[in-house]
Amino acid sequence: MEILLTPLAMSDGAKFGIAAGVIVFILLFIKLIIGFIKFCFRHPILFVLLLIFGGLGIAFNVLLAGILIVAVIAGFGVLSLFNVFNL
């Protein structure tokens, strides 16, 4: 029951920060998927080689980690803007 009430106890700045991070992540993730599909169709030989030798998975995971880092930084920026951290 406490888990359901936790979002109600957050300040408005925290809600905006989390929402901003989620929106940035979703937008960049969709852009990443579209970019990979375009890459697959533009470079089929390179795509097959990367797929066979495992480089495609590594590239996707590295880019996904970059997207996650950008989303966390964006959320932190909004949290800082609303002065959620009262130190």
Side-chain angles (χ1 to χ4, degrees):
M1 185 68 182
E2 292 177 13
I3 295 173
L4 298 175
L5 296 176
T6 303
L8 296 175
M10 291 189 319
S11 67
D12 289 335
K15 291 177 187 175
F16 284 131
I18 291 173
V22 169
I23 289 171
V24 167
F25 178 76
I26 289 171
L27 290 175
L28 291 176
F29 185 73
I30 291 171
K31 189 172 175 114
L32 175 68
I33 296 296
I34 291 171
F36 260 80
I37 292 171
K38 284 182 181 179
F39 174 79
C40 294
F41 287 119
R42 287 184 185 164
H43 311 288
I45 296 171
L46 186 58
F47 167 70
V48 170
L49 288 175
L50 285 173
L51 192 62
I52 290 172
F53 295 115
L56 194 63
I58 291 172
F60 184 80
N61 286 328
V62 168
L63 292 173
L64 186 62
I67 287 173
L68 189 60
I69 290 169
V70 169
V72 168
I73 290 172
F76 177 74
V78 173
L79 286 173
S80 297
L81 185 67
F82 282 102
N83 198 16
V84 174
F85 306 109
N86 296 325
L87 299 175

Same apolar cluster (I L V M F W Y, side chains within < 4.5 Å links), [X]/[Y]:
{"X": "L64", "Y": "V70", "answer": "yes"}
{"X": "V62", "Y": "V72", "answer": "no"}
{"X": "F16", "Y": "I23", "answer": "no"}
{"X": "V48", "Y": "L46", "answer": "yes"}

Apart from I69 itself, which Ile, Leu, Val, Met, Phe, Trp or Tyr residues share its cluster (side-chain heavy atoms under 4.5 Å, direct or through members)?
->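 Grouped by the 4.5 Å side-chain rule, I73 form the rest of the cluster around I69.
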
By ring-ring contact (aromatic ring centres under 6.0 Å, His included), which residues pair with F29, not counting sequence neighbours?
->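 For F29 the ring-ring contact (aromatic ring centres under 6.0 Å, His included) partners, ignoring immediate neighbours, are F25.
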
Between [atom1] on residue [X] and [atom2] on residue [Y], distance to nearest 0.5 Å:
{"X": "N61", "Y": "L56", "atom1": "CG", "atom2": "CG", "answer": "10.0 Å"}
{"X": "L27", "Y": "L32", "atom1": "CG", "atom2": "CG", "answer": "12.5 Å"}
{"X": "I33", "Y": "I30", "atom1": "CD1", "atom2": "CD1", "answer": "9.0 Å"}
{"X": "L28", "Y": "L68", "atom1": "CG", "atom2": "CG", "answer": "10.5 Å"}

Less than 4.5 Å apart, any side-chain heavy atom of L63 and any of F36?
->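 Yes, side chains in contact.
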
I52 atom CD1: more than 12 heavy-atom contacts under 6.0 Å =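 Count over threshold, so yes.
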
Should we count CZ of F39 as having more than 12 external heavy atoms under 6.0 Å?
->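 For F39, atom CZ is crowded (more than 12 foreign heavy atoms under 6.0 Å).
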
Closest non-hydrogen atom pair between A74 and V24, with its separation |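 Residues A74 and V24, closest heavy atoms: CB-CG2, 3.9 Å.
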
What closest approach, in Å, do V78 and A20 show between heavy atoms, and which atom pair accounts for it?
->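 The answer is CG2-CB, 3.7 Å.
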
